[in-house]
Each structure stands twice: as C-alpha cells, then as structure tokens.
Amino acid sequence: MARILITSAIPYINGIKHLGNLVGSQLPADLYARYMRARGHEVMFICATDEHGTPAELAAKKAGKPVAEFCAEMHEVQAKIGAGFGLSFDHFGRSSSPQNHALTQAFAGRLADEGLIEEVSESQVYSNADGRFLPDRYIEGTCPNCGYDKARGDQCENCTKQLDPTDLIEPRSAISGSTDLEVRDTKHLYLKQSQLKDKLSAWIDSKTDWPVLTTSIAKKWLHDGDGLQDRGITRDLDWGVPVKRGAQEWPGMEGKVFYVWFDAPIEYIAATHEWADKTGGDWQRWWRTDKGAEDVKYVQFMGKDNVPFHTLSFPATIMGSNEPWKLVDYIKSFNYLNYDGGQFSTSQGRGIFQDQALDILPADYWRWWLLSHAPENSDAEFTWEAFQTDANKDLADVLGNFVSRVTKFCRSKFSEALPAGGAYGDAETRLIADLTTKIRAYEAHMADKEVRKSANELRGIWVAGNEYLQAEAPWTVFKTDPEKAAMQIRLALNLIRVYAVLSAPFIPDAAAKMLSGMNTLDTSWPDDLDAALAALPAGHDFTVPEVLFAKITDEHREDWAERFAGTRD
RNA sequence: GGCGUUAUAGCUCAGUUGGUUAGAGCGAACGACUCAUAAUCGUUAGGUCCCAGGUUCAAGUCCCGGUAACGCCA
C-alpha cells in the first residue's frame, strides 16, 4: 500500500467556475484519488479556494460586501458545487486560513534567512480616490498610439501596443474612474529565483516521465531570454497575508501583503494543516520528509496556465527554504476546453458554468464526458451535439442498457435473485480472459493518469458485456437449456457489480446505484476476475434499478444550446 | 516581435525508441438479434498522415524551410 498526496490547482474565489476549470484540474484529480483509494492506497486529496488579490477585492466590491465576508460566502458556494460534482476532497481549505498566514510568513522568513529575498524600490501608480496602488491593468486611458480610449496600463487591446501606465493620455482608475492619480515609490520583496535556476533546471531535467506540456512550459521559462527572473512576492493591498518575517515584523513592509501567487501554493500544505486541526490527523507525515513523508508520492493536477508557478515558483520556495518539505513527484497538466469555437471565460461569462451544469443534468454525465474528452494533448472542443451523442451512446446505450437488459431479463425469466445452476463453458472462459486483459490495461492507464485512454478502456469493458450477451443470447438458450441461461445471467449480474466497482472513479453516483440495485456493499476490486464474478452467489436478491441514464433528447440539446449561447453576468 | 503546442478518415482523437497492407469511437451503409432505455452485436465504405525539400535499406514518426490554428511572453 502506497501513500499518495494529491492536490488540484486551487480555484480562484471571484466567482463560480466554468466546466473548463473543472476538467483541467479538479475532475482528473478526483478520478485519480478515487481510483487510488479503490486500490487500497492511503490518499490525501487536497483542494482549496484561492482568496487573495485584487480581483477578489473587486468582486467583493461589485457584490457590495466586505471582502472577507464575500470570500467566506463564495467558499461555501464553491464547496457545495464541488460536492455536487462528487469531488472527494479530504479537505477543501481556504488560502485565507490562519494556518496559511503562519506558514506563508514562515516560508518568507526562511527564504530571507537563506539570502533569497531582496528588497526593491519601485514606482507605482497610486489612486487617491481609491486609496490604493493600482496594478497596471487597472489603469485605463487613451492609447498614445491609436487613440483608443479604453487602453489598459499594460497594453492597448485595440492596437496591441505594449504600454506603461505613464504612457496613457488622461489615465484614470479602472476601478473608480478617478483621474486623481500619482506616481509613488514603494518597496517590495523579490524572491531571487534566478539563484535557484540551476537547481530547478536539473530537477526539471530529471523528470523525464512528465507530460511534455509540463516540462516544455517549465523549460521555456527557465531558458527563454535572460532566463528565470526574480519575482515580486509582495503587493500594496489590504486583503492578503500580512508581510512578516516568520513571526517577526518586517521593517519597512508594514501594511503590505504577500502576492497571491506566493501564498496560494503554500495553501496546499496549509490546507492539510487545516485538515489535521479539524480531524486530529497528522499533516506533517504528508509534507515533511523528516516526519514520515519520505515515502509519500505527491501528484499535482492543473491547467497549463498554472504550470510555471508549480514547476518553478513554488519549488523555488520549497527548495529555497532549505527545509525538508515534500517536493512534487509528478505534475499532470491540461490544455483548455473550448466552447463553441472560443474559450470558456469566467470574466466574460462565456460557456457553461458549474452551477448551471448541475442544474440541467446529474454530475455523472459531465464527469464522464469531460473526462473522456480531457484536453490532455491539445485543446479540446465542447459541442452540444458531441456531448449528447457521446453521453447517450456510452452511458445510456452501452452501460445503462446493459444493466437494464440483464436485470429485467432475470426478473422476467427467473426472479429478482441470482438463479442457480449451470457451469462455465468456452464462451465464459474467453470472456474472462478478454476482460482480464482489458482490466489490466485500464489499471495501467489509470496509474499513468492517462485519462482519455482510461475512459476508452473502460468503455471497451462495458462493450464486452454486451458482446457476450449478444453472442450467447441467453433469451434463446433459456428456451432449451434454462440452467445454462441461469449461469449466463448469474455471470452477467455479477458483471454489473464489477462494472460498478471499475466505473466508480468516473461515475460514482451511477456506480452507487448499481451496487444498491445489486444489493451489495462489496466494492472489492476485481484483481481476480474469475473470483469477482462469483462474489454474488446464487440465491442473492437484487432489485431492478431505475434507468441509470436517461437519454438527452434533441429538444433538451437545442434548448440548452440556445440558453448557453450568450454570456452571463 | 520572440517562443511554445498542434496539424492523421465527414467528426473527436490513438499512433511507444523510424520497421510489414496507418488504428479506435462516433456518424454513414448493409446485415443479425428481439432480453433491453427504438437499446445491442456484426460487416463494409472513407485517409497524398498540412505543403515542399532532406537523411535512411525504410519516415505519420528524424532534420530543414514554409503555411495555418491556438496559446504564452515582452
């Protein structure tokens, strides 16, 4: 039995996330966590909300609420939606937790002690009306190049020219619209990542089994141009982790907070601490290699936009601390899911959002489609036509109908109990050999975190059951040899339990219904399929379950396609 | 402007270190079956592997140059 630490990139707090966010990190992480638990491994599956930074402050302001209150509410909303999708976190934490404050400050202190923090003075635009410094992109004005009147301080979206905020004609705050701006000097802390470049580079080079997407992004940042740059880790904001050097004040840094990208990944550790405080568990045996974590295998899941922070910045924090923290062993990254020819977008309200998805269909439909089309090698495209066709075919016709035809046949020809009699022949031996091969392949793909391939193999396992029934035709056999038909259908009913166990990581709710219908709590993995197909003995009662997956009709599809064609607020 | 990823059947995608007639699912056509959610199973058709060069006994796979889509950075 292994010990597996799994983290999913932590979703930002400023609103409800769309399906692209789900398939890019949380869902595949959950698939892996559920699978590893099913195989008997000890799993710690951690996620959280990422709550600091300017966008959170602005979203709170828009909602007319204090930012702490807003974050607390949105955290609950996201937790509820996550539960709705069956995300089986051991803990869903908050980056604003006291545990994360303490840990973030401790890391900063350690890095300073190691000589990896530099204080840098810089000039930034301050808005008197807003009472705050403004990040470049929150300053608007007229572009000196093309005259576009909504150019941002970092770039003009109209002519794409790169700008400095001071280039803008009539600059104003994008938050309040105020033109009462001035340039002020302010001091910030920089993490000297450049000093760790060689160490990070050697570490990345040693990860030959990582997805190309992960290592190519990391190498690009390491070697492009002047190489890995030092990074500012503080901001002039109110909402965040106050800058401290461990438990001590940090002279000159009063009133500043750590940059959200510094404290967010540390929340993986802090969230485990939160879990420990809640449950009485031991978090350090997951994170400190001097306190029991040396045999932990740590796997991270994330979208490609998060890769630089997880391959470089966070490891720089860990390595730079010179303390025995657990480093990630494998980073599984994903491309984007597109919607209707363009990107899903939280800020533009484009696409299907997680709450809406759960409103129209049970989680398993989404889990299955999104996972079986996970954007592993390139961006993937969501279309309603594909979603309808694939979900109906795989879930309703192949799996759902298998359960239905087997249970109903047994009920009508025998009873709602596994019938006795008969013995395996060649067909059964062949089926068991075939399924065993497929199950071993499925296990290998799941262990490799090859999401699409796993889904494809699982589908093949479902199909094999239908092939067997079609070839052996128990409904015909029954007329001349009821005992043989009894054997066939007893095997098929046992197959439903096996399917439930194998499918649970993808479609946990349907799997639970299948087990409930089979009237069993036996979720043991079919290491030995021959034995597993005898788990439910002759005479064991079952009930015909309700339709597992109702079909998505053309009317539904057209209605939804229209409903989600525009944008939402 | 720099860099990265991608480009394979109508659609969505597989194709390990270069090695026989390039694969799967969906969709299509035809057939079988009638237990089942008009479900299932089988057969067949469909590809100048983006274009142009090169290396090699052998290239979808490696190299060079283009083109296109998407993304990242400045």
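Residue numbering restarts at 1 for every chain, and letters A, B, ... go by the order of the sequence lines.
When the P atom is compared between B:G46 and B:G23, the two are found 14 Å apart, to the nearest whole Å. Comparing the C1' positions of B:U21 and B:G27 gives a spacing of 26 Å, expressed to the nearest Å. Of the P atoms belonging to B:G60 and B:U16, the separation is 13 Å, rounded to the nearest Å. Atom C1' of B:A9 sits at a distance of 16 Å from the matching atom of B:A29, rounded to the whole Å. Remark: the separation of the P atoms in B:A22 and B:G47 is 12 Å, to the nearest Å. The P atoms of B:G42 and B:U56 are separated by 46 Å, rounded to the nearest whole Å. Across the P atoms, B:G15 and B:C62 are found 13 Å apart, a figure rounded to whole Å. Rounded to whole Å, the separation between the P atoms of B:C35 and B:U48 comes to 45 Å.
The pairing partner recorded for B:A68 is B:U6, the criterion being a Watson-Crick or G-U wobble arrangement whose two distances lie under 3.5 angstrom. The partner of B:U17, taking Watson-Crick or G-U wobble pairs whose two distances both stay under 3.5 Å, does not exist in any strand shown. Partner assigned to B:A36 is none, using Watson-Crick or G-U wobble distances below 3.5 angstrom. Remark: B:U56 base-pairs with no nucleotide; criterion is Watson-Crick or G-U wobble with both hydrogen-bond distances under 3.5 Å. When both pairing distances are held under 3.5 Å, B:A29 makes a Watson-Crick or G-U pair with B:U43. Applying the Watson-Crick and G-U wobble criteria (two distances, each under 3.5 Å), B:C73 pairs with B:G1.
Across the protein-nucleic acid pair, A:Q488 atom CD and B:C35 atom P stand 14 Å apart, rounded to whole Å. With rounding to whole Å, A:W384 atom CH2 is found 19 Å from B:C26 atom C1'. Summarising the geometry, the separation between CH2 on A:W462 and C1' on B:A39 is reported as 16 Å, rounded to the nearest angstrom. A straight line from CG of A:L399 to P of B:U37 spans 15 Å, rounded to a whole angstrom. At whole-Å resolution of the value, CD in A:E376 and C1' in B:G71 are 18 Å apart. For the pair A:R459 CZ and B:A24 P, the computed distance is 13 Å after rounding to whole Å. Protein atom CD of A:E467 is 9 Å distant from nucleotide atom P of B:U43, rounded to whole Å. In this structure, A:N466 atom CG and B:G25 atom P are separated by 14 Å, rounded to whole Å.
A:V403 comes within 4.0 angstrom of no nucleic acid atom, judged by non-hydrogen atoms across all strands. Heavy atoms of A:A386 sit nowhere under 4.0 angstrom from any nucleic acid atom. Here A:I489 lies out of heavy-atom contact (under 4.0 Å) with every strand. Counting non-hydrogen atoms under 4.0 angstrom, A:F549 reaches a base of the nucleic acid. A:K551 comes within 4.0 angstrom of a base, heavy atoms only.
For the pair A:K453 and B:A24, the criterion of a side-chain N or O lying under 4.0 Å from OP1 or OP2 is not met. A:K393 has a side-chain polar atom (N or O) that falls below the 4.0 Å cut-off from OP1 or OP2 of B:U40.
Below 30°, between 30° and 60°, or above 60°: for A:F262 and A:F258 the angle between ring planes is between 30° and 60°, a tilted geometry. Under the 30°/60° scheme for interplanar angles, the aromatic rings of A:F402 and A:Y499 are found to be tilted.
Heavy-atom nearest nucleotides on RNA chain B were determined for A:Q470 and for A:R405, and the one closer to the 5' end corresponds to A:R405.
Between the side chain of A:N401 and the base of B:A39 there is no donor-acceptor pair of N/O atoms closer than 3.5 Å.
Applying the 90° criterion around 0 to the glycosidic angle, B:G46 comes out syn.
In this model, a donor atom of one side chain and an acceptor atom of the other lie less than 3.5 Å apart for A:Y190 and A:E122.
A ring-ring contact (aromatic ring centres under 6.0 Å, His included) with A:F387 is found for exactly one of A:W366, A:W560, A:Y365, namely A:W366. Residue A:W462 is tested with A:Y442, A:F506, A:W368 for a ring-ring contact (aromatic ring centres under 6.0 Å, His included); the sole match is A:W368.
Aromatic rings of A:F414 and A:F478 (six-membered ring for Trp) have centroids within the 6.0 Å cut-off, being under it.
Nearest nucleotide to the A:T476 side chain, out of B:C35, B:G71, B:U34: B:U34.
Salt-bridge annotation for A:D329 and A:K297: absent, with no side-chain N of the basic residue lying under 4.0 Å from a carboxylate O of the acidic one.
Evaluation of A:W475 against the base of B:C35 yields a stacking contact (centre distance < 5.5 Å, interplanar angle < 30°).
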